[in-house]
Amino acid sequence: MRAIGMRLVAAALAGIAVPAAAQDIKLPPTLTFTAYDTGSSGFNIAVAVGKMLKDKHGAEVRVLPAGNDVARLAPLRAGRAQVAANGTGTYFAQEAVFEFAAREWGPQPLRLLLASNDCNGASLGVAKDTGVKAAKDLKGKRIGMVVGSPALNQNALAVLAFGGLAAADVKLVEFSGYGAMWKGVLNNEADAAFASTISAQPKEVDTSPRGLYWVPTPRADADGWRRLHKLAPYVFPHTATCGAGISPQAPLETGTFPYPIFMGYASMTSDLAYGLTKALIVSYDAYKDAAPGAAGLALKLQKLEWVVPFHDGAVRALKEAGVWTDALQKHNDALVQRQKVLADAWAALLKASPPDDADAFRKAWTAARKAALEKAGMDVVFE
């Protein structure tokens, strides 16, 4: 009888363990996220996560679609949103390059929560009627670009570089947003555009009369990958098994990177970052099948040693989950230090009365940025 009683006590304690864990997650009643355009995989995943946060943790989430990186980060910086389901623009904002090299931006102190690394890849999707089979075949083709979205544009140029091509070798066609760019491919205003293979817009092109073909970046092409990494060091080789026209039976050798990246500013409270990250971990089953790519937020799939640091609150949740190590902390601290070097260089430039002209200011910042990183013994990456 005593043994039975002990088992009943143990069972009762186990029963209250989950609610106790849930009580550790304290979220505000309302939250605002930003994401890529409606229909993008990032938007769909953000909506799925928002539903989980409401159903499981009582937080109402509004997801704001935005066509470019500046539009996704501006509400966070202004305090009107807390989280962005962002792309590699997170890295560009940290580094203060491209659109973020402007006087009104500069290096942004951004922090990661969790990011999706799923079966999808990321590359240029090209209309089948162009006859393109390899990156080098894109010469002379019309490549979609999004105004104010260095993430998409740089990734497109990186795939071109894989094939030994540069912007001058193609025709760049600008669009106002991600959705508009893919409509351009659909309407024969462009031939190719960059995307995650699981985005809704490429699927629309795939089922259209134009058809869709994903440009491969085979890992065996070492020279191609060296050229690609000069423009996109955050991309890694990957075999995609899901997406428009892609399956385990018809995989694609391509590149990938975490997307969407759930992130915020360093100023986000530690409790909020902890609560959101822990909710993503402990309530994974509630959203993993709700949108293509959401399963990539699994704890076991996280790239914990990437190019942007994790928030201290997220680190706390990752430690509790048993996946954070001293080596990861050292790497994270180095990334935070890199952000400090960039911030100090930016502050020094502003104090030195830099030129008002936008192009001249950008050149002055590029030189100051390079000098500061080299002095600190850090990779410049963008020169």
Side-chain angles (χ1 to χ4, degrees), residues 35-45 47 65-68 85 87-88 116 118-147 149 151-160 162-163 165 167 170-217 235 238-257 259-260 291-294:
Y36 275 67
D37 285 338
T38 305
S40 67
S41 59
F43 181 87
N44 294 339
I45 292 170
V47 170
N68 59 59
T88 51
S116 179
D118 202 27
C119 55
N120 57 296
S123 187
L124 279 171
V126 59
K128 275 187 180 179
D129 58 26
T130 63
V132 168
K133 295 296 182 183
K136 65 181 180 179
D137 301 334
L138 290 163
K139 187 172 183 179
K141 298 297 186 286
R142 298 167 297 171
I143 311 299
M145 295 278 138
V146 175
V147 176
S149 186
L152 286 169
N153 300 342
Q154 187 72 0
N155 291 334
L157 294 173
V159 177
L160 291 174
F162 185 91
L165 303 177
V170 298
K171 299 173 184 176
L172 302 181
V173 184
E174 291 189 336
F175 295 92
S176 61
Y178 175 82
M181 176 178 67
W182 275 97
K183 282 293 183 184
V185 178
L186 186 68
N187 297 330
N188 202 15
E189 298 167 350
D191 297 314
F194 190 88
S196 164
T197 59
I198 55 173
S199 286
Q201 288 85 347
K203 291 180 181 178
E204 187 178 9
V205 175
D206 188 40
T207 57
S208 76
R210 296 203 78 187
L212 185 71
Y213 178 80
W214 292 103
V215 177
T217 52
V235 175
H238 178 65
T239 299
T241 57
C242 63
I246 301 170
S247 68
Q249 295 73 37
L252 172 73
E253 277 198 78
T254 184
T256 195
F257 47 81
Y259 173 77

Answer yes or no: is there a side-chain heavy-atom contact under 4.5 Å between [X] and [Y]?
X      : Y      : result
Val205 : Lys128 : no
Lys141 : Val132 : yes
Pro260 : Tyr36  : no
Thr88  : Gln154 : no
Tyr259 : Ser40  : yes
Ile143 : Met145 : yes
Asn188 : Arg142 : yes
Trp182 : Asp37  : no

For [X] and [Y], work out which heavy atoms get closest and say how close.
X      : Y      : result
Gly255 : Thr217 : N-OG1, 3.2 Å
Pro202 : Ser196 : CG-O, 4.1 Å
Ala192 : Leu138 : CB-CD2, 4.3 Å
Val185 : Ala193 : CG2-CB, 3.9 Å
Phe257 : Ala122 : CE2-CB, 3.9 Å
Phe162 : Ala135 : CD2-CB, 4.3 Å

**Report entry** Ion pair Lys183/Glu189, N-O distance below 4.0 Å
**Finding:** no

Please round to the nearest 0.5 Å and tell me the distance separating atom [atom1] of [X] and atom [atom2] of [Y].
X      : Y      : atom1 : atom2 : answer
Asp191 : Leu124 : CG    : CG    : 11.0 Å
Ser199 : Phe43  : OG    : CZ    : 12.5 Å
Ser41  : Gln201 : OG    : CD    : 8.5 Å
Ile246 : Trp214 : CD1   : CH2   : 6.5 Å
Ile45  : Ser116 : CD1   : OG    : 4.5 Å
Leu157 : Leu152 : CG    : CG    : 11.0 Å

Query raised in the report: Looking only at atom types and distance, does a side-chain atom of Asn153 sit under 3.5 Å from a main-chain N or O of Val146, one as donor and one as acceptor?
Result: yes

Query raised in the report: Quick check: does any side chain N or O of Thr197 sit under 3.5 Å from a backbone N or O of Gly121, one acting as donor and the other as acceptor?
Result: yes

**Report entry** Working for side-chain contact (heavy atoms from CB on, under 4.5 Å), residues Met181 and Val173
**Finding:** CA-CA 9 Å; Met181 176 178 67; Val173 184; over 6 Å; no

